[in-house]
2 protein chains.
Amino acid sequence: MAHLKRRVSMADVARLAGVSSQTVSRVANGHPSVVGSTRQQVLAAMRELGYRPNSAARALKRGAFRTIGVILFTLSSTGNSRTLEAIADHAAGQGYAITLIPVAVPTQDEVLGAFTRLGELAVDGIIVIMEVHLLDSATVTLPPHVQVVVVDSDAGDRYSVVDTDQTDGARQAVAHLLELGHRTVWHVTGPQESFASNRREQAWRRTLEEAGRPVPPPLHGDWSAESGYRAGLALADEPDCTAVFTANDQMALGVLRALHEQGRRVPADTSVVGFDDLPEAGAFIPPLTTVHQDFTEVGRRCVQGILRQIEGGEPEHGTTLVPTRLVVRESTAPPPPPA
Amino acid sequence: MAHLKRRVSMADVARLAGVSSQTVSRVANGHPSVVGSTRQQVLAAMRELGYRPNSAARALKRGAFRTIGVILFTLSSTGNSRTLEAIADHAAGQGYAITLIPVAVPTQDEVLGAFTRLGELAVDGIIVIMEVHLLDSATVTLPPHVQVVVVDSDAGDRYSVVDTDQTDGARQAVAHLLELGHRTVWHVTGPQESFASNRREQAWRRTLEEAGRPVPPPLHGDWSAESGYRAGLALADEPDCTAVFTANDQMALGVLRALHEQGRRVPADTSVVGFDDLPEAGAFIPPLTTVHQDFTEVGRRCVQGILRQIEGGEPEHGTTLVPTRLVVRESTAPPPPPA
DNA sequence: CTCGCGAATGTTTACGTTAACATCGGCTGA
DNA sequence: TCAGCCGATGTTAACGTAAACATTCGCGAG
């Protein structure tokens, strides 16, 4: 059982089956020109010896690894981990494995290091889940034959980009609040470096401007519930704030708590809309109206994009937007009648 | 630039630098017996050609991939994704890459398939994040030289197991509520199949029994906030329920909402304790008292365990428990005075 | 009946790397 | 002065697989 012997190779199987190792190879790869009886013999020998193809040798010979590398900063964000999961599922469906390259700190040095590691890694393509400006300085070290797909970026001119339609999602959120009769909508942003956050902020601003509404100063958060709580405390001090659009659901959770503590009822006094549609958004107090992101679809398109590049050989540029949809729950209502 | 030529190999570098390919290999691996001037020449040639070691060839030669496979069901659970992240970070620190094998549906067939894929995959060891009984039928297909570490299991006699100290965590939660003066503590469980959930339930029951308290019937959830909400509605109908221990934070969120909707104040009327300490637990209404799980440490010990096995060559059995600690926030208080 | 063709299988070689062994000088010490 | 040794580098072979080419054999057409 616990032999620490050398692995079983094709040669071993061939010897037992009384054929050449090439025939074993043919059986392993389902090549048609092997007669039934020989095939059975070989399969029996494989089973007896517990043969498993050696993927290193296979990759060396074929020049391809059937593996996709995913480089990202953190799995703490729901978006990242859900996207990763979708990527892994779809890649597995296509017979590709996923190699994970976490980058602890988003500095250029770290990213560069990660890319260097990836370059040595057994990977046919890379999906990058991060802001692209960090990628730029690292590009030089990218092996030229490795294809890249980027998420959360606007670098569609240089890379193949897949992203949620941030702009339309934010627009829907703001429009929903305006339609309910709110005069304007306040906004809690994500971190400055985040492309997604910037896009949401831009769309919020534009939607207000196009409706001819005043644009209140945005409050800056960092995606965390804690930062949402701080923003919420500030908002509770603004007597004419009746509607808030929060750049993600976790910050919305913090806003809800702050408003609750300050005696502002949601949605009677103040409406709140989030972004992401976390699985637990429906259990917030009150259940949160939010913009649903389809991470599964994002992951699917990433894999699709990278596979097309790998198989086509040529990088494709352009941006693919995955649509969002507003999920209306109980945290939004018309504004209170003026005092 | 965009040559789709063959990759640069050691032989190419060697030719340009005017040395043998073995010398290039020595430089690449930091072997000491290469004189400075030669080393510089080789490094220059590497840079000029953009040389990158071919990991497939390397793995083939060495018989090791410096890669760890992680097999899990889903990343949706915070615990899994945080553990995975910690595993990836620590593995990277040790120069190991992570290959992800998601299993869509937790049936034995699926698991078996995943293990078969892993067997062909370039992996030196495997970390399994799932209930072990699903592993059992699949064991036969495990390549004998691949080491396994298991999380969330009690199979310490057959595998090396790393887990959070579920028992002590649950005990702390219940003891905290009893110390506050509650007569007994109700419990919302996770799904039946979950080892972690069972352990928490057992510990809850034992702690009550040892204190000589009555054991109310447990309510069964499935980890989701939605299921917590349903349990919360049921609990709100129990007039003498003053304290609830919920098997995770997401269900606690649902319980909080149900109690809130039914007019039960938390913690004045009913105390609630969760398990996990999600980053946003402090932003619940009210901030949740919960049992903190140290996923980083779990990940670290998994990697440590698997590396010891890989390097030692022999599987090690036994269970490592990572301690938990109770984080007291504002969802717990002494019971209301009897009416 | 024989030639030739194609199906089934075998043999050779190369993929890129590195361990093991071989070689070549120069330096130390008697 | 030279044997011996060590440090620097080169040469050979092997890891397991699969493509390319080679061989064998049976069978049908002429």
Side-chain angles (χ1 to χ4, degrees), chain A residues 4-43 45-46 49-67 119-124 143 145-146, chain B residues 4-43 45-46 49-67 119-124 143 145-146:
Chain A
L4 285 181
K5 291 184 165 188
R6 219 186 63 267
R7 252 183 108 126
V8 183
S9 81
M10 282 195 166
D12 302 318
V13 176
R15 208 169 306 122
L16 179 61
V19 300
S20 78
S21 65
Q22 181 57 44
T23 300
V24 177
S25 167
R26 283 193 261 257
V27 171
N29 296 326
H31 196 284
S33 73
V34 178
V35 86
S37 60
T38 312
R39 177 186 308 279
Q40 291 313 318
Q41 257 179 325
V42 171
L43 289 174
M46 281 181 172
L49 296 175
Y51 168 75
R52 289 165 178 288
N54 177 322
S55 57
R58 203 172 249 193
L60 173 60
K61 197 79 187 67
R62 295 212 272 234
F65 305 93
R66 295 195 75 78
T67 295
E120 302 177 9
L121 240 50
V123 174
D124 301 314
H145 66 288
V146 169
Chain B
L4 285 181
K5 292 184 164 189
R6 222 186 62 264
R7 254 183 106 126
V8 184
S9 80
M10 282 196 165
D12 302 318
V13 176
R15 209 170 305 125
L16 178 63
V19 299
S20 78
S21 65
Q22 181 57 44
T23 301
V24 177
S25 168
R26 284 193 260 256
V27 172
N29 295 326
H31 196 283
S33 73
V34 178
V35 86
S37 60
T38 312
R39 175 185 309 277
Q40 291 313 317
Q41 259 178 322
V42 171
L43 288 174
M46 281 182 174
L49 296 175
Y51 168 75
R52 289 165 177 289
N54 177 323
S55 57
R58 204 173 249 192
L60 174 59
K61 196 77 184 83
R62 297 212 271 232
F65 305 94
R66 295 196 76 79
T67 295
E120 303 177 9
L121 241 49
V123 174
D124 301 315
H145 67 288
V146 169

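Just so we're on the same page: letters track the sequence lines, and every chain starts at 1.
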Next item on the list: Mind checking side chain to side chain donor-acceptor pair (under 3.5 Å) for B:Ser33 and listing every partner two or more places apart, or none if nothing turns up?
Entry: B:His31

Margin query: Rounding to an integer number of Å, can you tell me how far B:His31 NE2 sits from D:dG10 P?
Written below: 14 Å

Check: With sequence neighbours left out, what residues match A:Arg15 under salt bridge (charged side-chain N to carboxylate O under 4.0 Å, His left out)?
Finding: A:Asp12

Checklist line | N or O in side chain of A:Asn54 less than 4.0 angstrom from D:dC15 OP1/OP2 | finding: no

Next item on the list: With heavy atoms under 4.0 Å as the rule, sort A:Val34 into base, sugar-phosphate or nothing.
Entry: sugar-phosphate

Next item on the list: Have a look at B:Val24 and tell me which of B:Leu16, B:Asn29, B:Val19 forms a side-chain contact (heavy atoms from CB on, under 4.5 Å) with it.
Entry: B:Val19

Item checked: Rounded distance in Å - CZ (B:Arg62) to C1' (C:dA20) -> 17 Å

Next item on the list: Report the residue (B:Arg39 or B:Leu60) whose heavy-atom-nearest nucleotide on DNA chain D is the more 5′ of the two.
Entry: B:Arg39

Next item on the list: Could you pick out which residue, B:Thr38 or B:Ala57, lies toward the 5' side of DNA chain D when each is mapped onto its nearest nucleotide?
Entry: B:Thr38

Next item on the list: Please tell me if the side chains of B:Val42 and B:Arg39 come closer than 4.5 Å, counting only heavy atoms from C-beta onward.
Entry: no

Would you tabulate the nitrogen or oxygen pairs shorter than 3.5 Å linking the protein to nucleotides 11-13 of chain D?
none

Check: Is there a side-chain polar atom (N or O) of B:Arg58 under 4.0 Å from OP1 or OP2 of C:dT18?
Finding: yes

Check: Given atom CG of B:Asn29 and atom P of D:dT9, what is their separation to the nearest angstrom?
Finding: 16 Å

Next item on the list: Calculate, to the nearest 0.5 Å, the distance between atoms CZ and OG belonging to A:Arg26 and A:Ser21 respectively.
Entry: 9.5 Å

